[in-house]
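The structure under discussion appears below in the form of structure tokens.
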Amino acid sequence: MQIRPAAALSGALIGVSALFLPTATASAQATAQTHHHTVTVAHRGASAYAPENTLAAVDAADDLGIDWVENDVQRTKDGELIVMHDTTLSRTTDVEQVFPDRAPWNISDFTLDEIEKLDAGSWFGPEFQGETVPTLDEYMDRVSDNHQKLLLELKAPELYPGIERQTLRELRREGWLDHRHKRRLIIQSFSADSVRSVHRLRPDIKTGFLGTPAVADLPDYAEFSDQINPSYKTIDAGYVAAVRAVDGAHGKPLEVYTWTVNDGPAAVSVAGMGVDGIITNKPDVIRDALDDAS
């Protein structure tokens, strides 16, 4: 995940507000060190070990014993939901070779049938040749088969009007919105409007806002979010404590899942700030570092 301009702006706003209340900071660090459990989330699957946002990456996380995976959902030209991070196909597939005259290779300019012809694994390593771009249905089936949990990002929803309702419809069809499974699901986005829409359509579903809102704005986000999920480079213990001091949409303290942390010392540091989750390309490294530090 990368910071969009709005998130970057709001991140800059914490310069004053995040550096406050040393008592709260000390309290957050003490809590993290003694009682707080920090969840490890595999970013785009275990994306350090398999091509991101593929079924292979989901399985790689499962092989490492990681319960939570994160993904990105977008929509094809013919209205099908697929799992991919970039809004273009060029970085993680061979689309430029297969369709050389279709620049700039936007996802929204290709049908699902065309996208299914692409190799989404060879760019990462020859052993992944032939790995495909999964549909959301295929992805959810694999997550279910592995008994994993999902942090689902609606990527660039402004490009895909109505994607919130469509995603919820597919999740419901897959059984992910029933009482037993919805506890294994969080839907997040950099778009506050998109998160708000998900909460309006299904207020029972846990949601997260990606970014670092100013402390003064947290009550507004709490009306439709259960999490505030910032880049780890934009936070400190004071900010985390301020977030957790506000009750979210379901009446519980707002949680903080931070991204993208790929080395053990950094993970131990942000865990000490009191975050609830760490999103990482190397979930085994982060999990083991946190276990060693506990």
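Just so it is clear, the model here is predicted, and its values are computed rather than measured.
- In the hydrophobic clustering of ILVMFWY residues, with side-chain heavy atoms under 4.5 Å counting as a link, Leu154 and Leu168 come out together.
- Judged by distance alone, the side chains of His250 and Asp226 do bring a donor and an acceptor atom under 3.5 Å apart.
- Between the Glu114 side chain and the Thr111 main chain, a donor and an acceptor come within less than 3.5 Å of each other.
- Taking OG1 from Thr207 and CD from Gln227, the interatomic distance works out to 8.0 Å, rounded to the nearest 0.5 Å.
- Of the N and O atoms on the side chains of Tyr49 and Asp284, at least one donor lies less than 3.5 Å from an acceptor on the other residue.
- Contact of the Asp263 side chain with the Val285 side chain is not registered, since no non-hydrogen atoms from C-beta on lie closer than 4.5 Å.
- Applying side chain to side chain contact (heavy atoms under 4.5 Å, CB included) to Val243 and the options Val256, Asp276, Ile235 leaves one that passes, Val256.
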Fill in: side chain to side chain donor-acceptor pair (under 3.5 Å) evaluation trace for Gln129 with Ser122
CA-CA 4 Å; Gln129 182 178 1; Ser122 292; 4.8 Å; no
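- For the pair Arg102 and Phe110, the cation-pi criterion (under 6.0 Å, within 45° of the ring axis) is fulfilled.
- Note that CD of Glu174 and CG of Leu185 are 12.0 Å apart. Values are rounded to the nearest 0.5 Å.
- Residues Leu150 and Ile186 have side chains not in contact (no heavy-atom distance under 4.5 Å, counting atoms from C-beta outward).
- Here the side chains of Arg142 and Asp59 are in contact, with some heavy-atom distance below 4.5 Å.
- Within a 6.0 Å sphere centred on CZ of Arg91, heavy atoms belonging to other residues, nucleotides or ligands number more than 12.
- Within 6.0 Å of atom CD in Glu96, more than 12 heavy atoms from other residues, nucleotides or ligands are found, so the atom counts as buried in its surroundings.
- Side-chain atoms of Arg75 and Ile107, non-hydrogen and from C-beta on, never get closer than 4.5 Å to each other.
- No donor-acceptor contact under 3.5 angstrom links the side chains of Thr93 and Trp105, judged on distance only.
- A side-chain donor from one of Asn281 and His43 sits under 3.5 Å from a side-chain acceptor of the other.
- Residues Phe99 and Leu118 form a side-chain contact, since some pair of their non-hydrogen atoms from C-beta on lies under 4.5 Å apart.
- Asp137 places a side-chain heavy atom less than 4.5 Å from the side chain of Arg173.
- In this model, no donor atom of one side chain and acceptor atom of the other lie less than 3.5 Å apart for Asn106 and Thr88.
- Judged by distance alone, with hydrogens and angles left aside, the side-chain atoms of Ser197 form no donor-acceptor pair with the main-chain N or O of Asp193 at under 3.5 Å.
- Using a 4.5 Å heavy-atom threshold, the side chains of Tyr239 and Val215 count as touching.
- Ring pair Phe128/Phe124 is perpendicular by interplanar angle, where above 60° counts as perpendicular and below 30° as parallel.
- Glu255 has a carboxylate O that lies under 4.0 Å from a charged side-chain N of Lys206, or vice versa, which qualifies the two as a salt bridge.
- Between His181 and Trp176, the angle of the ring planes lies from 30° to 60°, which puts this pair in the tilted group.
- A side chain to side chain contact (heavy atoms under 4.5 Å, CB included) with Ile82 is found for one member of Asn53, Leu136, Thr76, Asp72 and no other, namely Thr76.
- A donor-acceptor contact shorter than 3.5 Å links the side chain of Thr234 to the backbone of Ser231.
- More than 12 heavy atoms of other shown residues, nucleotides or ligands fall within 6.0 angstrom of atom NZ in Lys182.
- For Val58 against Gln148, the heavy-atom pair with the smallest separation is CG1-OE1, 3.1 Å.
- Atom CD1 of residue Ile279 and atom OG1 of residue Thr40 lie 10.5 Å apart, to the nearest 0.5 angstrom.
- Under a 4.0 Å N-O distance rule, the pair Asp204/Arg202 qualifies as a salt bridge.
- By the 4.5 Å heavy-atom criterion applied to side chains, Arg169 and Arg172 are counted as neighbours.
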